[in-house]
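First up is the structure itself, then whatever we jot down about it.
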Amino acid sequence: MEWSSESAAVRRHRGTAERREGEADASHGQREASAQEDAKGVGRMWGKTENGGGSRGAKTALSEARTALALALYLLALRALVQLSLQRLVLSRTSGLQGEFDARQARDYLEHITAIGPRTTGSTENEILTVQYLLEQIKLIEAQSNSLHSISVDIQRPTGSFSIDFLGGFTSYYDNITNVVVKLEPRDGAESAILANCHFDSVANSPGASDDAVSCAVMLEVLRVMSASPEPMQHAVVFLFNGAEENVLQASHGFITQHPWASLIRAFINLEAAGVGGKELVFQTGPENPWLVQAYVSAAKHPFASVVAQEVFQSGIIPSDTDFRIYRDFGNIPGIDLAFIENGYIYHTKYDTADRILIDSIQRAGDNILAVLKYLATSDTLASSSEYRHGSMVFFDVLGLLVIAYPSRVGSIINYMVVMAVVLYLGKKLLRPKHRNASYMRDFLCGLGITFISWFTSLVTVLIIAVFISLIGQSLSWYNYFYIAVCLYGTATVAKIIFIHTLAKRFYYMNASDLYLGELFFDTSLFVHCAFLVALTYQGFCSAFMSAVWVVFPLLTKLCVYKDFKKHGAQGRFIALYLLGMFIPYLYGLYLIWAVFEMFTPILGRSGSEIPPDVVLASILAVCVMILSSYFITFIYLVNSTKKTILSLIVVCAVTFLLVCTGAFFPYSSNPESPKPKRVFLQHVSRTFHNLEGSVVKRDSGIWINGFDYTGMSHVTPHIPEINDTIRAHCEENAPLCGFPWYLPVHFLIRKNWYLPAPEISPRNPAHFRLVSKEKMPWDSIKLTFEATGPSHMSFYVRTHKGSTLSQWSLGNGIPVTSRGGDYFVFYSHGLQASAWQFWIEVQQVSEEQAEGMVTVAIAAHYLSGENKRSSQLDALKKKFPDWSFPSAWVSTYSLFVF
C-alpha cells in the first residue's frame, strides 16, 4: 500500500464529478475533486499532488512481526536498565575509610541484636537483653568519642494513651515501656536538635532483622562515626532507640509527648521497613517544610525518593503506618520517612533474618543517614525551621543517580505551561477553517471514544477473568511467579486494546490513510495524558509531574519526527526516532511500575480474606498496560495487520488461564533462597462469657485460626484435614468483635476464621479483670471503673446496648473512638514491672435502664513471649503445617462481662 494512494471514497467522488461535468476540461475536473476532498477532511491523504503522484513507493504499512518484536525488545531493554539501576545499591564504596560509615561494623551490631531472638514489648529479650546490649555499645562509643562532642544517655519508661484512626480507629494505652535515648551535642550544648528514630522491638515469632534491627544497627554506627568526628556540630542529634513501635507506635508517642529532650527537636528522620533489604526509599516528607527535602537532595549519596510513594502511602490504601505519624500529629514536627521495600514476602516472618540483608544495603542506608544528619546538624535552617515550613515539594530520583526537587507551586506553573503547549499544538488543527477541519474534529472525537472504549472493555475483560479465577479457588497463582500475572492479565489487556482499535481501523476508518490515523491516535493519547495532567495539578497532587513527563517528551518527539514522517512514511528510521524520543517517559514509567508491584504484590498476600487479590492485581496491571500502550496505539494503525499479534496474545493468555485453572502454579514457596510463605495466625484460646449477674453462661476453648490471605485454608486442608469448613468460626452476635480475641481491630478484613476444639489452656499468669466501682454522676450518666492485670499485651472491647452511649472515658484524649463496626477497641501493652491497669468509662443512658444491662465489655489477654505463649496442642498443630507456610502462634484468653 502506498502512502500517497487515494482512498476509495475519493476515487468514487472523482468519478461522479467527472461524469457530472461531461465536457469540462481535465484541469477544471481536478480542481473540483481537490476542493471536494478538502471539504471531506484535509489531511486524510497526506502527500497527494495534483496528478495523484507524490512520493510513490513510500509505504505506510509496517511489518507486523518486526514492529511487535521491536516494541517488545524496547520494553525489555528498558526493564533491564531499571533492573540494573535497582541492583546497583551503592554508587561508590567508602566502607572502612576513616570518618566514613562502616557497614561491617553495623552488620556486627545487627547480628548481635537478632541473635537475641524475637523481641516483643514486655519480654525479657526486649526489655532487658536488647537494652543491655545497646547500652554496652553506646558506652564503648562514648569512650571513643571526640572531646568536641558530649554524649548523654537516658532510659525512659513512659506511660500514656492516645487514639489513632489507623485500621478503622482505636485507642492505645501503654505502661512502663522502654526507650533508649542518646543525645550527641557540642560540648557547650545546643538549643535545637535533629531526631533519628528506629525501633528495636519486633513482632512475635520474627527475628525482626529488617524491621527494624538493621535501622538500629545503622544508627549505632552513625553515632560512632559522628561522635568520633573532629568536625564541630551546630545542633544536637538525638538518637531514639524505641522499644514499642510494633505496639502501634506507642514508644514514639511516649518520647515526643513526655521526654524533656523532645522540646529540642526541630525535625526527624525515621528509619523503617516494609520489606527486607534493597534500597531504602524516602516515601514521606514534611508536612510542608521543603527545606528537609532539599537537605536530602543535597546530602544523600545514594538517593532513592519519590513523591508518588508519599501520596500513595498517605492515601491510606496501604494498610500500614510508621512513627512518622506520631511525630507529625502529636509533636507537630516535620521529618523524612525511609523504609526498605524489597522482598516484602518475608516481612514480619521467621525469614526476616540478618543474613538476607546485603552488606551494600546497609552501606547505602548508613551513607545516606550519616550524610543527611551531618548536613542538618550543621545547618543554619534547623534552628529557625518554622520560618521555612510553608510549601510542599515535588521530588523524584532518576534511577538512583540523583534527585530532582522543586516547589510544588513551580511544578504547577510548569504543568500549566505544558498544557498550554498542547493546547497550541492541538488548537492549530482544531481551529482551522471549518471546511478543512470538520473531518479531523470528528475523527479526533471518535478516536477519544474508541480509546476509552478499548480501555474500559479491556478492564472489564481482565476483571471477569480475575473474578472467575477467584471463584474457582485459584487466587494468588501469581504470588510465587509474578510473570504468571503478566501472561494472564497483561496479555488479555493488550489483546483487547489491539482488537478494539483493529475493528475501528477496519470498519470505521477504512477510507483513511494509515499515516493520518497514526497521527490522529498520537494526538488522542497526548490529549488524554494532558487531561490527567490538568486534573492532577488542579487537585494539588505533586505526582502530576509524571503526567507532565508523559506529555512533554512525546510532544517534542512528534515535532521532531513530523517532517520525516510525512516525507518518508513510517519506516525503520521513524520507529527508531520515535522510540528514542519516548525513552525517558517509558523508562521512568517502568521504574515506577516496578516500585508499585514490588510494594503491592507482597501486601496482597496479607491483605485479609475479604479483598480478592486477583481483582486488585488485574486492575493495577490493566492500568499500567493502558499507560504503557498509550503512545504505541499509533502502531496499530501503521502496521499491515494485527492478526498474528492478537492471536499470539490470545494463545499466551488462554494457555496461562488453563494452567491457572488446573492449579499448575502453586502460590507459596519454601525455597530457602526466596521464600514466599502463607501467613497463618494460631491462637490457643480459652473463652468465658458472663451474664449480667456475673454467672458463667458459656465456656469453651480451641485453637482459633486466621489465614491472612484470600485463599483461607484451602491449601492447608489437604495437609491438615481437621482444618476444614466444618469448624468455621461462628460470630457471637451479642459479643464485641464476635467473641474472639483480636490482637488488632482487623476483623473487617478477615471474616473467614476457623475454630478447632482443644483442651482449655490455663496460663501461669492469668489475666484478672474486675469492676472497681459503679457511680451515678450528677449529669445522669454511670461511671464504671475497672482494673485489669495480665500479660504484656491485652485488648479491651466495649459494646454499648440499645439506649446507651459511651460519652467519655479515661483513655486517649477522653473522647471514645469507635472501630469499624461500631465496637470500641483499646490496645494495651506494658513493659516490665507494670502496675495494675485502672481506667473508667462513662455510659449515658438515653432511655430507661434495660433488663439486659447498659454495656458489654470483654478483655482479651495475649501471651506473646515466655513459657505462657506455648501449649502442647499449639506445638503439635504447628508441626503439621507445610514448610511453605508461616504459622505464628500464641496463647490467648477472652472474658466477657455485662454491666
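Keep in mind it's a predicted model, so treat the numbers as computed, not measured. In this chain, residues are counted from 1 in sequence order.
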* To do: Could you note down all residue pairs passing side chain to side chain donor-acceptor pair (under 3.5 Å) where residues 728-745 supplies at least one of them, sequence neighbours left out?
  =>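 Every side chain to side chain donor-acceptor pair (under 3.5 Å) pair that includes a residue of residues 728-745, provided the two are not neighbours, is Lys698-Glu732.
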
Are [X] and [Y] close enough that a side-chain donor and a side-chain acceptor fall under 3.5 Å?
X: Glu272; Y: His199; value: yes
X: His830; Y: Tyr173; value: no
X: Asp875; Y: Ser872; value: no
X: Trp478; Y: Asp614; value: yes
X: Asn179; Y: Asn242; value: no
X: Asn197; Y: Asn270; value: yes
X: His684; Y: Ser871; value: yes
X: Thr353; Y: Asp355; value: yes

* Do Val898 and Glu852 have side-chain heavy atoms sitting under 4.5 Å apart? ->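 Side-chain contact under 4.5 Å: no.
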
* To do: Evaluate the side-chain proximity of Leu682 to Leu874: yes if any heavy-atom separation is below 4.5 Å, no if none is.
  =>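 Side chain of Leu874 against side chain of Leu682, heavy atoms only: contact under 4.5 Å found.
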
Tell me the salt bridge (charged side-chain N to carboxylate O under 4.0 Å, His left out) pairs involving [range], sequence neighbours left out?
range: residues 702-717; result: Lys678-Asp709
range: residues 809-827; result: Arg799-Asp823
range: residues 884-893; result: none

Any residue meeting side chain to side chain contact (heavy atoms under 4.5 Å, CB included) with [X], in chain and number order, not counting sequence neighbours:
X: Ser888; answer: Asn205, Phe681, Phe886, Trp890
X: Ala729; answer: Trp704, Phe740, Asn753, Tyr755
X: Pro882; answer: His719, Trp884, Ser885
X: Asp883; answer: Ser670

* Is a salt bridge present between Glu246 and Arg119, judged by a nitrogen-to-oxygen distance below 4.0 Å? ->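 So Glu246 does not pair with Arg119 through a salt bridge.
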
* Asked: More than 12 heavy atoms of other residues, nucleotides or ligands under 6.0 Å from CZ of Arg870: is that the case?
  ->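 Incorrect, the count does not exceed 12.
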
* More than 12 foreign heavy atoms under 6.0 Å from CG of Leu771: is that the case here? ->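 Yes.
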
* Would Lys676 count as a cation-pi partner of Tyr668, with NZ or CZ less than 6.0 Å from the six-membered ring centre and within 45° of the ring normal? ->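 Ring-cation test returns no.
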
* Asked: What disulfide bond (SG atoms under 2.5 Å apart) pairs are there with at least one residue in residues 712-773, not counting sequence neighbours?
  ->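 The answer is Cys731-Cys738.
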
Hey, can you pull the donor-acceptor pairs under 3.5 Å for the side chains in residues 160-170, sequence neighbours left out?
residue, atom, partner, partner atom, Å
Ser161, OG, Ser172, O, 2.8
Ser161, OG, Gly812, N, 2.8
Ser163, OG, Thr171, OG1, 2.9
Asp165, OD1, Arg325, NH1, 2.6
Asp165, OD1, Arg325, NH2, 3.1

* **Contact summary for Ala251 and Thr178, nearest pair of heavy atoms** =>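 So the two residues come closest at CB-O, 4.5 Å.
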
* For Ile761 against Ser686, the heavy-atom pair lying closest together ->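 Between these two residues, the closest heavy atoms are N-OG, 3.0 Å.
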
* Asked: With sequence neighbours left out, what residues match Ser695 under side chain to side chain donor-acceptor pair (under 3.5 Å)?
  ->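 Once residues adjacent in sequence are excluded, Ser695 has no partner under the side chain to side chain donor-acceptor pair (under 3.5 Å) criterion.
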
* Between Phe241 and Phe200, ring centroids under 6.0 Å ->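 Not under 6.0 Å, so no.
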
* Would you confirm whether the ring centroid of Phe769 sits within less than 6.0 angstrom of the ring centroid of Phe897? =>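 Yes, ring centres under 6.0 Å apart.
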
Just distance, no hydrogens or angles: give the donor-acceptor pairs under 3.5 Å from side chains in residues 781-794, sequence neighbours left out.
residue, atom, partner, partner atom, Å
Ser781, OG, Trp779, NE1, 2.9
Ser781, OG, Glu842, OE2, 2.8
Thr785, OG1, Ser773, OG, 3.3
Glu787, OE1, Gln838, NE2, 3.2
Glu787, OE2, Arg770, NE, 3.4
Ser792, OG, Thr121, O, 3.3
His793, NE2, Asn247, OD1, 3.0
His793, NE2, Asn247, ND2, 3.3

* Audit row: Phe666, Tyr479, side chain to side chain contact (heavy atoms under 4.5 Å, CB included) steps and yes/no -> CA-CA 8 Å; Phe666 192 67; Tyr479 192 66; over 6 Å; no

